[in-house]
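A quick write-up on the structure given underneath.
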Amino acid sequence: MSTYTIIYDIVRQIPPGTVATYGQIAELANLPGKARLVGYALYRVAPDSDIPWHRVVNAKGTISESPERYGSDHLQRVLLEAEGVQFDRTGKIRLRDYLWTAPADRESSL
DNA sequence: CTAATGACGTAGA
DNA sequence: ATCTACGCCATTA
């Protein structure tokens, strides 16, 4: 079990139609304040992985775009919209409506 | 062992 | 709202 494995386990539990922030994942993974690690971890994830990486966005509610992603950032938006997540005209998600709330019994399923 | 590498968050201007 | 600066660290070559 590596640190990144923990992060992937959390991400795998995000339900369709909802999104989580990097910071949120970090805290659930017992890595408070280390949101970057979550980003670093997701960077390693293959786009065709079984991990719903597209449900993770930054605290601003926007998709973190980067040249290093070679378009997977645009794909992320497409996948989210396919699940019913709407973006406003500035490309931001209304986190208040779609933000995932981790179930209290999450730990029992680990 | 060392060096390079990145999907963030927050605070202040 | 938008921008800059800085902290932070596991994984890979």
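So that the names make sense, note that chain A is the first sequence line, chain B the second, and so on, each numbered from 1. What you see is a predicted model; the values in this text were computed from it and never measured.
- For C:dT2, neither phosphate oxygen OP1 nor OP2 lies less than 4.0 angstrom from any side-chain nitrogen or oxygen of A:Lys92.
- Using a 4.0 Å cut-off, some side-chain N or O of A:Tyr43 falls inside it from OP1 or OP2 of B:dG6.
- In this model, the phosphate group of C:dA10 is not approached by any side-chain N or O of A:Thr3 to a distance below 4.0 Å at OP1 or OP2.
- The pair A:Arg94-A:Asp88 fails the salt-bridge criterion, with no side-chain N (NZ, NE, NH1 or NH2) lying under 4.0 Å from an Asp/Glu carboxylate O.
- Within 4.0 Å of A:Ser72, counting heavy atoms only, lies at least one base atom of the nucleic acid.
- In this structure, the CD atom of A:Glu68 is 20 Å from the P atom of C:dT11, given to the nearest Å.
- Between A:Tyr70 atom OH and B:dA7 atom P the separation is 11 Å, expressed in whole Å.
- A:Ile7 has its CD1 atom 10 Å from the C1' atom of C:dC9, to the nearest Å.
- Expressed to the nearest 0.5 Å, how far OG of A:Ser72 lies from CH2 of A:Trp53 amounts to 5.0 Å.
- Here B:dA7 presents its P atom at 17 Å from CD1 of A:Ile51, a figure rounded to the nearest Å.
- Note: NZ (A:Lys60) to P (B:dC8) measures 8 Å, nearest angstrom.
- For the OP1/OP2 pair of C:dT11 and a distance below 4.0 Å, the side-chain nitrogens and oxygens of A:Ser2 include at least one atom meeting the criterion.
- As a whole-Å value, the separation of A:Gln24 CD from B:dT10 P is 12 Å.
- In this structure, A:Arg44 is not positioned above the aromatic face of A:Tyr4 in the sense of NZ or CZ being under 6.0 Å from the six-membered ring centre and within 45° of the axis.
- Rounded to the nearest 0.5 Å, atoms CZ (A:Phe87) and CD1 (A:Ile63) are 4.0 Å apart.
- A donor N or O paired with an acceptor N or O is not found under 3.5 Å between the base of C:dC9 and the side-chain atoms of A:Arg36.
- One atom, CG of A:Leu37, and another, P of B:dG9, lie 12 Å apart when rounded to the nearest Å.
- For A:Leu42, counting side-chain heavy atoms from C-beta on, the closest listed nucleotide (B:dT10, B:dA7, C:dC9) is B:dA7.
- Where A:Tyr4 and A:Gly23 each meet DNA chain B at their nearest nucleotide, the meeting point lying more 5' is that of A:Tyr4.
- Going from atom CG of A:Asp73 over to atom P of B:dC8 covers 11 Å, rounded to whole Å.
- The shortest distance between the side-chain N/O atoms of A:Lys34 and the OP1/OP2 oxygens of C:dC9 is below 4.0 Å.
- Once rounded to the nearest 0.5 Å, the distance linking CG of A:Asp73 with OG1 of A:Thr62 reads 11.0 Å.
- Counting atom types as modelled, A:Arg44 pairs no side-chain N or O with a base atom of B:dG6 as donor and acceptor under 3.5 Å.
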